[in-house]
Amino acid sequence: MASFSTAQPLSLPRHPTFSNPNQPTANNDRSSHTISLIDRCSNLRQLKQIHAQMVRTGLFSDPYSASKLFAISALSHFASLDYACKVFDQIPQPNSFTWNTLIRAYASGPDPLRSISVFLDMVSDSRFGPNKYTFPFLIKAAAEVSSLSLGQSLHGMAVKSAVGCDVFVANSLIHCYFSCGDLDSACKVFTTIQEKDVVSWNSMITGFVQKGSPDKALELFKKMESEDVKASHVTMVGVLSACAKTRNLEFGRRVCSYIEENRVNVNLTLANAMLDMYTKCGSIEDAKRLFDKMEERDNVTWTTMLDGYAILEDYEAAREVLNSMPKKDIVAWNALISAYEQNGKPNEALLVFHELQLQKNIKLNQITLVSTLSACAQVGALELGRWIHSYIKKHGIRLNFYVTSALIHMYSKCGDLEKAREVFSSVEKRDVFVWSAMIGGLAMHGCGNEALDMFYKMQEANVKPNGVTFTNVFCACSHSGLVDEAELLFKEMESSYGIVPQEKHYACIVDVLGRSGYLEKAVKFIEAMPIPPSASVWGALLGACKIHANLSLAERACTRLLELEPRNDGAHVLLSNIYAKSGKWESVSELRKHMRVTGLKKEPGCSSIEIDGTIHEFLSGDNEHPMCEKVYGKLNEVVESLKANGYEPEMSQVLQIIDEEEMKEQSLNLHSEKLAICYGLISTEAPKAIRVIKNLRVCGDCHSVAKLISQLYDREIIVRDRYRFHHFRNGQCSCNDFW
DNA sequence: GTAGGGTTAG
């Protein structure tokens, strides 16, 4: 037998006389020799040599041999679809096998739908119809592009061709229906299979895991066991993934012991699935032990470990994993960015993003952009957010639901509601997250009625609201004083929409009622709650008490809140402010003393402003910023000119015991939002809007000052505080002083 | 001589 290395050209016997496939034995020997060579090809060049030889010897006109060559050209690891098509076109009479091979090659190629056109060609150009081998390829293509209508048509055709009950066809259909999101049809197909095999079960289990029902997957696995179907590797992977998603360490451990006890051969994918289960369930020790034992590791292994440390907020270890990776890919970078972004560390996320941009040969993908946009939204990095938006346009990145929602969210949270609206209108299809993002954007900008309109339009578009949608709608009602509307929707939430209200929804309604002054009603609402009122419910009531200066109720709400969260600094500060507002300075000082003794610190006021892509932060009373002298100079100038126009500082906003009037005024001027606005006045030119983000609620005096600056300096000022946006223009604020 | 199900980042 000839042997060849990949580097050497093949040396083939020449058979110039071979022209008839039905020729005597000597030639048949040679043909089987050639076919064995085809099987041992390791690159395209060798295959082309054999192809040429077959044409020369006439062996290519033998349908079996030609099909063999074609199959390798279309399916091997060095396959080339272009070349395979040329081979196919040379085959005089392709048989059913040849057609199926071409369909298969296209179905698993970059454009799976092309397999459908090949299928149509087969039906019209040949005497062959689809058989039980054809359908799994076609159905796989339908699954790949998630086309339910295509899947359904193929299902119908398979039934007509009498192969609808074939277990391979049925299993492909289950997978296809899951990937199109039609879980009911998948289940129906499953129940109709007479002799379910392990793949039937696996398709169901992994389908449920991937579509967000890991509990159902575990249920099915138990049923599978009770029916004595032997689990395979793929079953284990699916079940471990379900354990990871449900954080079921106990069951996950049992699966791992089963694997060990039964000496199941643990391949890389299975080991990775075990690793993922351990990390997601928070057992980094088990994960590390397994990781150290693994002989082979791929990027999934490394990224799973990285994420494991990130879950425990051990960012140093996570970073260490990224650094140790032999070949870092985009998934690993994304894992670190999103870990920071989702744990309230948006600045760190942005630093990693900037570092990623310096890497060569790593292309950003949709997930990178979604995580980074979310970080931009948190810190108010509008310029970077805009840059990402133009990157998306420039690189023709598709606006899927995730990217669309992230853009809407970023623009809304960075204060550019118009851009958020533009993105929303520019897309044809919107899912519940896209609609909810837009409703949330309108809510934080105080466009309550428009948010409600959106909520109804969403339903006209046949998109069902979820819990997040309702939170955003209630938030919109709250900022616009739409009490009746919120109450009505809250009543309908469960009865008409089938969504059980969660604690955050209760807190929203308390906020709606309280803000509008219906304090007693809010109390009654809390008393009637079917679940124990959470800290956020009492916090909402307390906030309302501050607005409406209800001291006794505030004390009650605060007591309950502190029972649940004894170290809630915001509650202490709110109560102290309420005391101050009512002139109860003794209580103020008692409370402040209590905070001092217990070491509880008020979160310092902090405002930030983005100038040329850099975020500048100002703390209240800041003297850290390199420009702070100039900023204070500007502030004095501004206050003087405002005073000349009738402004009087609101001393009632000074919520500490300060006797001297002058000191009180100074303390007001230390507020971080004033510093940031003045920095904006120094560093930017009209008509550019000044955009400031504050971590706490904006104070009343700062609110008045911002209104006056917007008029006297003819500048638009946009402030995002902890709860909402304030657009200051021509001496007015978009919140109509209701916040 | 042909087939179906698998792990990481939103």
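Only heavy atoms go into these numbers, but all of them, side chains included; no hydrogens, no water, no symmetry mates. Every chain is numbered from 1 and lettered A, B, ... according to where its sequence line falls, protein lines coming before strand lines.
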*Where the side chain of A/Val300 is concerned, which of B/dG6, B/dT8, B/dT2 is the nearest nucleotide?*
B/dT8
*How many Å lie between CE on A/Met274 and P on B/dG6, as a whole number?*
20 Å
*To the nearest Å, how far apart are A/Asp39 CG and B/dT2 P?*
12 Å
*asked:* Counting the atoms with a prime plus P, OP1 and OP2 as sugar-phosphate, which does A/Asp329 contact under 4.0 Å by heavy atoms, base, sugar-phosphate, or nothing?
replied: nothing
_Please pick, from B/dT8, B/dT2, B/dG6, the nucleotide with the shortest atom-to-atom distance to any side-chain atom of A/Lys280._
B/dT8
*Given B/dA9, B/dA3, B/dG1, which nucleotide is nearest the side-chain atoms of A/Asp307?*
B/dA9
*Is A/Lys196 close enough and on-axis enough to A/Phe190, meaning under 6.0 Å and within 45°, for cation-pi?*
yes
Extract all donor-acceptor atom pairs below 3.5 Å that involve side chains of residues 86-95 of chain A and protein atoms in other chains or at least two apart in sequence.
from, atom 1, to, atom 2, distance (Å)
A/Gln90, OE1, A/His51, NE2, 2.9
A/Asn95, OD1, A/Phe97, N, 3.2
A/Asn95, OD1, A/Thr98, N, 2.8
A/Asn95, OD1, A/Thr98, OG1, 2.5

*Output the single nucleotide from B/dG6, B/dA3, B/dG10 whose closest atom is nearest the side chain of A/His233.*
B/dG6
_Smallest separation among heavy atoms of A/Ala349 and A/Ile337, with atom names_ = CB-O, 3.6 Å
*Output all residues satisfying salt bridge (charged side-chain N to carboxylate O under 4.0 Å, His left out) with A/Asp286, sequence neighbours left out; order by chain, then residue number.*
A/Arg253, A/Arg289
*Please work out if A/Phe135 contacts a base, only the sugar-phosphate, or nothing of the nucleic acid, heavy-atom cut-off 4.0 Å.*
nothing
*Spell out yes or no: do the side chain of A/Asn272 and the base of B/dG6 have one donor N/O and one acceptor N/O closer than 3.5 Å?*
no
*Indicate whether OP1 or OP2 belonging to B/dG6 is found under 4.0 Å from a side-chain N or O atom of A/Gln210.*
yes
*Using whole Å, report how far CG of A/Leu290 lies from C1' of B/dT7.*
12 Å
_Heavy atoms only, 4.0 Å cut-off, all strands: where does A/Lys140 land among base, sugar-phosphate and nothing?_
sugar-phosphate
*Could you pull out the closest heavy-atom pair between A/Ser371 and A/Glu341, with the gap in Å?*
O-CG, 3.4 Å
*Given B/dG6, B/dG1, B/dA9, which nucleotide is nearest the side-chain atoms of A/Ala335?*
B/dA9
*Under-4.0 Å side-chain N/O to phosphate OP1/OP2 contact, A/Thr101 with B/dT2*: no
*Looking across every strand, which nucleic acid part, if any, lies under 4.0 Å from A/Asp298 by heavy atom: base, sugar-phosphate, or nothing?*
nothing
*Would you mind classifying the nucleic acid contact of A/Asp276 as base, sugar-phosphate or nothing, using non-hydrogen atoms under 4.0 angstrom?*
sugar-phosphate
*ring pair (Phe, Tyr, Trp, His ring centres under 6.0 Å) partners for A/His395, two or more places apart*: A/Tyr391
_What is the separation between atom CZ on A/Arg104 and atom C1' on B/dA3, rounded to the nearest whole Å?_
7 Å
*May I have the distance from A/Phe70 (atom CZ) to B/dG1 (atom C1'), rounded to whole angstrom?*
14 Å
*A/Met294 CE to B/dT8 C1': how many Å, rounded?*
12 Å
*Pull out every residue in residues 358-369 of chain A that has a heavy atom closer than 4.0 Å to any atom of DNA chain B, ordered by number, or say none.*
A/Asn365, A/Gln366, A/Ile367
_Given B/dT7, B/dG10, B/dA3, the nucleotide with the shortest approach to the side chain of A/Pro136_ = B/dA3
*With sequence neighbours left out, write down each residue that passes ring pair (Phe, Tyr, Trp, His ring centres under 6.0 Å) with A/Phe128, or none if nothing qualifies.*
none
*Using salt bridge (charged side-chain N to carboxylate O under 4.0 Å, His left out) as the criterion, list what pairs up with A/Lys280, not counting sequence neighbours.*
A/Asp276, A/Asp307
*Options B/dG10, B/dT7, B/dG1, nucleotide nearest the side-chain atoms of A/Phe97*: B/dG1
*Less than 5.5 Å between centroids and less than 30° between ring planes, does A/Tyr133 satisfy that with B/dA3?*
no
*Could you tell me the separation between the CE atom of A/Met236 and the C1' atom of B/dG6, rounded to a whole number of Å?*
13 Å
_Side chain of A/Ser67, heavy atoms from C-beta onward: which of B/dT8, B/dG1, B/dG6 has the nearest atom to it?_
B/dG1
*Is there a residue in residues 249-257 of chain A whose heavy atoms reach under 4.0 Å of DNA chain B, and which residues are they?*
none
Would you tabulate the side-chain donor-acceptor contacts of residues 223-233 of chain A under 3.5 Å, counting partners in other chains and residues two or more places apart, or write 'none'?
from, atom 1, to, atom 2, distance (Å)
A/Ser226, OG, A/Lys223, O, 2.7
A/Ser232, OG, A/Asn202, ND2, 3.0
A/Ser232, OG, A/Val234, N, 3.2
A/Ser232, OG, A/Thr235, N, 3.4
A/Ser232, OG, A/Thr235, OG1, 3.2
A/His233, NE2, A/Asn265, O, 2.3

_Over 12 non-hydrogen atoms of neighbours within 6.0 angstrom of NZ in A/Lys328_ = yes
_Taking the minimum atom-to-atom distance to the side chain of A/Asn95, which one of B/dG10, B/dG1, B/dT8 wins?_
B/dG1
*ring pair (Phe, Tyr, Trp, His ring centres under 6.0 Å) partners of A/Phe178, counting only residues at least two apart*: A/Phe208
*Validate the cation-pi geometry between A/Arg297 and A/Phe291: distance from NZ or CZ to the six-membered ring centre under 6.0 Å, angle to the ring axis within 45°.*
yes
*Mark yes or no for a side-chain to base donor-acceptor pair under 3.5 Å between A/Thr303 and B/dT8, with no hydrogen or angle criteria applied.*
yes
*In whole angstroms, how far is the C1' atom of B/dG10 from the CG atom of A/Leu306?*
15 Å
*Quick one: label A/Thr98 by what it contacts on the DNA or RNA (base, sugar-phosphate, nothing), any heavy atom closer than 4.0 Å.*
nothing
